[in-house]
Visitor: 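One structure, as structure tokens, below. Some questions next.
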Amino acid sequence: MFKDVDEQLEIILRGTVDIVTKEELTKKLSRSVKENKPLRIKLGLDPTAPDIHIGNAIPIHKLRTFQSLGHTAILIIGDHTATVGDPSGANKTRPMLSHDKVMENARTYLSQAGKILDLNKTEVVYNSKWFEKMTFNDVIKLTAQMTVARMMERDDFTKRYNAGIPISVNEFIYPLMQGYDSIIVKSDVELGGTDQLFNLLVGRDLQRDAGMEPQVALTTPLLEGTDGNKKMSKSLGNYIGVTETSGEMFGKAMSIPDNLMPKYFELTTELSISEINQLLDVHTHPRAAKVALAKAIVRRYHTDRDADAAAAEFDRIFKEHALPDSIPDVQISSGELTDGKVWITRLIVLCGFANTNSEARRLVQQGGVSINNDAMSDPSLNIEIKPDMILKVGKRRFARIALKNQ
RNA sequence: GGGUGGAUUCCCGAGUGGCCAAAGGGGACAGACUGUAAAUCUGUUGGCAUAGCCUUCGGAGGUUCGAAUCCUCCUCCACCCA
């Protein structure tokens, strides 16, 4: 039923950073093969934001890998931990979320995770199930298992402390909660990004204290966002969401800096190592490599055909400077017209391409606005609306203007 | 409980009576160059149909011809000592 241990290890270890410890993992796998019993693989997701992006999808794909190898995937929806807020990697206290908000996020999370995992074969559990039942006394007992000094070993805590940035006590409790999850679900392996290492190790300690065999901690790299600089995150706006349209995904993937391509290839696509090496070879033009990358990313969440279409559309807009396939229609009500004309600045605002007249005015002055491919430079201009008129703002925002029929 | 420092525009952060819609940096946006790259360079970055006017520097009052800046009270935050 299971592949042999070495084969499994090779597949598992692709794109991982730390394995604590590899010996223990090997041992667990051997036993699993021998007894024909799947390992229990845990991944916790805190639904703090409503969307999964290709960065935080990396450990989910890793969980999928285990699942494909025949092991049991356990997805913990941290509906309780999310209200506390994971301090990992953050340089300030995360806001505590309301449970309603968290549950709302949890729903979208689960459906999005379903794009990656086989949810029918996944144990999905909400950790409020056990945390809500805990008494204050239970919490005290849990906290007694960790010292402040150990907590302060954590890099981000040390940094924040030294920099005089506040650390709330609930942030100390977070790793303990995550570790406690591991006891409950009896995990053999826990997955997480590298920023989770400390939390994963706490899980080992707590399991050991509870008389269990400690889980193996396995971390995956954190992915830089499309800006090529900071960690991919929803709040920084440098992310590629797994539910985005193929066109958006493709465009965003094309905008990453070249030096990130190897990492993106390895972590966000299903291409084999040899395919990747060939694409990164000096004989392959970087642009061709990036197109292959962008297609591979789109393919993972959409279809082959979507990927090809996105690539074609992209060329059309940016290489040939032609119009995209579909342009949103914007209808202007006649109340906006003066003598049958509309003020260009107002028009840009009405299309949603600027928030204020001032902003729109600047766009015009800076030469970022054209109508039917004629650059507009005078922000006081009044425009007569003609059929099929195309307004272009910046490089990639288009609208087809029409008068609203009254 | 005692002490100290702080709250400025999207973020960080300068500014301690007029030269302040407020330095500098980051981010973002637009343009140039390109491979829609990245890097770099240029410009913009409170609002207003914009040579002008209006609203902003935690909140409320006050002093002054004039307040981000001085005074009073309030709210919130951090650090240190106990």
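In what follows, every chain begins at residue 1, and chains take the letters A, B, ... in the order their sequences are listed.
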Visitor: When rounded to the nearest Å, what value does the distance between C1' atoms of U16(B) and A68(B) take?
Guide: 9 Å
Visitor: Quick one: CG on Asn238(A) to CD1 on Ile256(A), what's the gap to the nearest 0.5 Å?
Guide: 12.0 Å
Visitor: Where each residue is assigned the nucleotide of RNA chain B containing its nearest heavy atom, which of Arg287(A) and Asn382(A) is assigned the position nearer the 5′ end?
Guide: Arg287(A)
Visitor: Under 4.0 Å between a Lys/Arg side-chain N and an Asp/Glu carboxylate O for Arg208(A) and Glu213(A)?
Guide: no
Visitor: Any ring pair (Phe, Tyr, Trp, His ring centres under 6.0 Å) pairs touching residues 229-253 of chain A, not counting sequence neighbours?
Guide: Phe250(A)-Phe314(A)
Visitor: Any donor-acceptor pair under 3.5 Å joining the side chain of Ser358(A) to the base of U50(B)?
Guide: yes
Visitor: Check whether any side-chain nitrogen or oxygen of Thr356(A) sits under 4.0 Å from OP1 or OP2 of G47(B), and answer yes or no.
Guide: yes
Visitor: Which part of the nucleic acid, if any, lies within reach of Ile256(A) when heavy atoms closer than 4.0 Å are counted: base, sugar-phosphate only, or nothing?
Guide: sugar-phosphate
Visitor: Tell me the closest heavy-atom pair linking Leu176(A) and Thr143(A), and the distance in Å.
Guide: CD1-CA, 3.7 Å
Visitor: Which protein N or O atoms sit under 3.5 Å from an N or O of nucleotides 27-30 of chain B?
Guide:
unit_1 : atom_1 : unit_2    : atom_2 : d
A30(B) : OP1    : Arg397(A) : NH2    : 3.2
A30(B) : O2'    : Gln366(A) : O      : 3.0

Visitor: Is the distance between the ring centroids of Phe157(A) and Phe198(A) less than 6.0 Å?
Guide: no
Visitor: Considering residues at least two apart in sequence or located in another chain, which fulfil the side chain to side chain contact (heavy atoms under 4.5 Å, CB included) criterion with Arg396(A)?
Guide: Glu248(A), Phe318(A)
